[in-house]
Amino acid sequence: MTVQENHLSLYVHWPFCEAKCPYCDFNSHVRERVDTGAYRKALLAELDFFAELTKGKRLTSIFFGGGTPSLMPPEIVAAVIEKAKEFWDLSSNIEITLEANPGSSEAKKFAAFRTAGVNRLSLGVQSFDDQALKFLGRIHNAQEAEAAIEIARDTFPRFSFDLIYALPGQTNQAWREELGTALTLAQGHLSLYQLTLERDTAFYRQHRRGKFFLPREEEAADLFTLTREVCEQAGLKAYETSNFAVPGEESRHNLNYWQGGCYVGIGPGAHSRIFADGAWRAVSTLKIPEQWLEKVEQNGAGLAEDVLLTARQRGEEIVMTALRLKDGLDKKNFARNSGIPLKNLINQDALDALKEQNLVVESETRLAATRDGALLVNAILGELLA
Amino acid sequence: MSATENIRNFSIIAHIDHGKSTLADRLIQICGGLSQREMREQVLDSMDIERERGITIKAQTVRLNYRAKDGKDYILNLMDTPGHVDFSYEVSRSLAACEGSLLVVDASQGVEAQTLANVYKALDSNHEIIPILNKIDLPAAEPERIRRQIEDVIGLDASGAILVSAKTGEGVDEVLEALVTQLPAPQGDASKPLAALLVDSWYDPYLGVIILVRIVDGVLKKGQTIRMMSSGREHLVEQVGVFTPKLKRVDALGPGEVGYLTAAIKEVAHTRVGDTLTDAKKPAAKPLPGFQPVQSVVFCGLYPVDTSDYEHLKVSLGKLKLNDASFEYAPETSMALGSGFRCGFLGMLHLEIIQERLSREFDLDLITTAPSVIYKVHMTSGEVKELHNPADLPEVTRIKKIDEPWIRATILVPDEYLGAILKLCEDRRGVQVDLTYAGSRAMVVYDLPLNEVVYDFYDRLKSLSRGYASFDYTIEEYREGNLVRMSILVNGEPVDALSMMIHRSKAEARGRALCAKLKELIPRALFKIPIQAALGGKVIARETLSAMRKDVTAKCYGGDFTRKRKLLDKQKKGKARMRTFGKVSIPQEAFIAALKMDQD
């Protein structure tokens, strides 16, 4: 898998949720009413703006993320896909993913999303345990989740779902069993995240006040390796830190981010990396939906920031994400893609030490974290880049 | 010039918080030294640190004009003395400039060790002492009990003690009257050659060094060429004056008077406390008694946390030195900490003050290495070397013996805490000299090795006695000690900033504690790190910091790399504050915390 320079991914952000989950610090907002017509118009206008900057590229994936994009009227999803077809040459096997909540009301809309063109569904199941779902502030229950998975399986050619583990008090055995359930329901892809406390979330504050405890580093490490082993036994490879797939079933959209590809993001708080006129441009949009909407209505795009990245910055981004991949970094295309030779970016002494410690492996073509190194990617990056 | 019979020179002896500054403020107020508008709480303590800690670092003085009940006008010179054990020499010089003292004792707290030490110094200077029981407005005041205590502990007749509340002003008039009637007037001969005692000096950016003097004999005036008798340096007097407490010029100062002079002197180091100033043309036959050159007793390394602050530190030390001749510094280099300075101080408080002024007035972030004393290393060759820094210890095979300085400590403590204090002194290799009781308080005298005291003795003493123990010391002699250098090795590499001289009997416990502490402080790395304490080649304590097992962000947020970028920036910033030993990076915070470690 390598990045193709003329390939492009499109991300569409729907910022609204029915309720804010206590662990989530994504750009999500709860609103009584959403003027979907206005957002439809604004998304299409912004699409117009970015299409102008990326003319002639081949669109290989679209991803509807959020917030809760399954709250979108399917008609808007259809309109965005149709418009994208006007601007770009669509790859024949284009991957079009939509994130969905596994609630029963959303499940009723799956067929309409499929008709709109979505061919891969990513369900935010999070847990098969009602107690855990309650702790996580989810509004669905385990039974609804399993039902939604059934419908997704029957409706979409590909689907995946997310689970969160390393919850307070979760034993290895309990997680092993839950993971077993997940693997029987999965179809080639799972995203399995350890619960992380992000600043400015309800969980972060509760944890600081001692309302609950997270597993210690040792326990978290054991859970991580257990997850990897169980998934691999079922044929799902850990192709990224928290993503597991049967070979060929990886999320091509996400891989494009992580390998340093070109992408466009529309909607509030979306990010783009665009290669144009010999330089990488990093563009982001305003995060607050109303502010974004107003700016798009005025200017045709709700930009918050539009800067050129230095070769070093670009190079660092690629190293930071690619080392999370099982296959690691593509050394061959690195300098051409980022504008900086890898050896100018990373600390050679640190790399030698990491190789000696068997945390990193290097070949002619690739640089990757080993199985042990995969648990320590942040520290490894600190050694290589800081 | 004033007639000597109308002059009274006095100082105030009091423990911290017993109300010295408040009483001084009252006296100034009554004598009209400052207008109401100019009065600020505790006028005399002018440095922020002085005001915050309630101590006086520099001697100061104020001239009060007082019309007594006998109808005559008197000049009362109040000499405010430095209030801490580290400055005992300075205190003795201030006392030498006066004929009497007010002994201020808190009527609820009683006599403290430091008060006791200063009273003895005042008696050595032949002072007339007027006991004052302060804070009698407090409900807890027990003037009768404290009066008896003064008699029991100090052996001073306290029957005439004045009851005062400096806070309300009650009894302050009586104090003024007692100064006039009970203290002797100074003696001196204006026709003799000039002999003036240099009490203190400080730097003023406009006037240069200002020298506080007490005239013993002769006359000091503008235009005179004076000579410093210890160094022979000569200066032309530019200004002569008194403190009201503001500077006020006068034509001349005569015998018995206290005042200042300026003479375009650029460095405080050229004006030594206790020196005698005389007339260069008509010099005194011999200097006034009691002069001693300044001697540092505690040393430590000061290093900038951010290595790029080295120049800033150097300039700042230079500026501080302008105003404080009593500390010394010289460049030194540490493997661990880079470039810094070895500094010498009068004592632990002095060290803390300099450190605090550097961080406060010069905005410096500093690492202070473990305080050390001067060891005398007797070599097999017969040579004797002074050791200021454990890193400089010569090869053990060439050493015959090592001597260390001892002090004699006087501690006053309520008897309920006596057991804990005795244990502390014994733990610190102390040798009991005396133990007496005065009412419910014990007075303990111990000989202690200074290196056991510089560390955190004073803090321990305070915490073990809930703040009630008080402490004073004098430097005694050098005695042979079974001393060794303990090194700390992190991942096999010695960390010089953490090596220390220590008594052999203490090495193991201290080494174990330090290794355990470092294990907490050093962040886990991608490999396991042994932390060892060693004497020579022999490891006496060991801890192992296990390798990091998991450090990876669970979720990578789509195309938004802001978070990853922030993490990387944080890692980069962290590295700038680390020192690398072989493969291990130790954050500055670890040094700071390790050096602050409690001993138990």
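Here is the naming used below: chain letters follow the sequence lines, and residue numbers restart at 1 for every chain.
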When heavy-atom pairs shorter than 4.5 Å are enumerated against chain B, which of A:H253, A:H271, A:R273, A:Q194 gives the highest number? A:H271
Say you draw a straight line from [atom1] of [X] to [atom2] of [Y]; how long is it, rounded to the nearest 0.5 Å?
| X | Y | atom1 | atom2 | value |
| --- | --- | --- | --- | --- |
| B:K564 | A:E316 | NZ | CD | 12.0 Å |
| B:F527 | A:E356 | CZ | CD | 10.5 Å |
| B:K555 | A:D25 | NZ | CG | 10.0 Å |
| A:E198 | B:R563 | CD | CZ | 5.0 Å |
| B:D551 | A:N378 | CG | CG | 4.5 Å |
| B:K550 | A:E219 | NZ | CD | 12.0 Å |

Are the side chains of A:L376 and B:V552 in contact, using a 4.5 Å heavy-atom criterion? no
Minimum side-chain heavy-atom gap B:T553-A:T241 below 4.5 Å: no
With sequence neighbours left out, write down each residue that passes salt bridge (Lys or Arg N to Asp or Glu O under 4.0 Å) with A:D306, or none if nothing qualifies. A:R281
Is it true that A:E218 and B:R524 make a salt bridge, defined as a side-chain N closer than 4.0 Å to a carboxylate O? yes
So which part of B:L567 gets closer than 4.5 Å to some heavy atom of chain A, the side chain, the backbone, both or neither? side chain
With a 4.5 angstrom heavy-atom cut-off, could you sort out which part of A:E240 is near chain B: side chain, backbone, both or neither? side chain
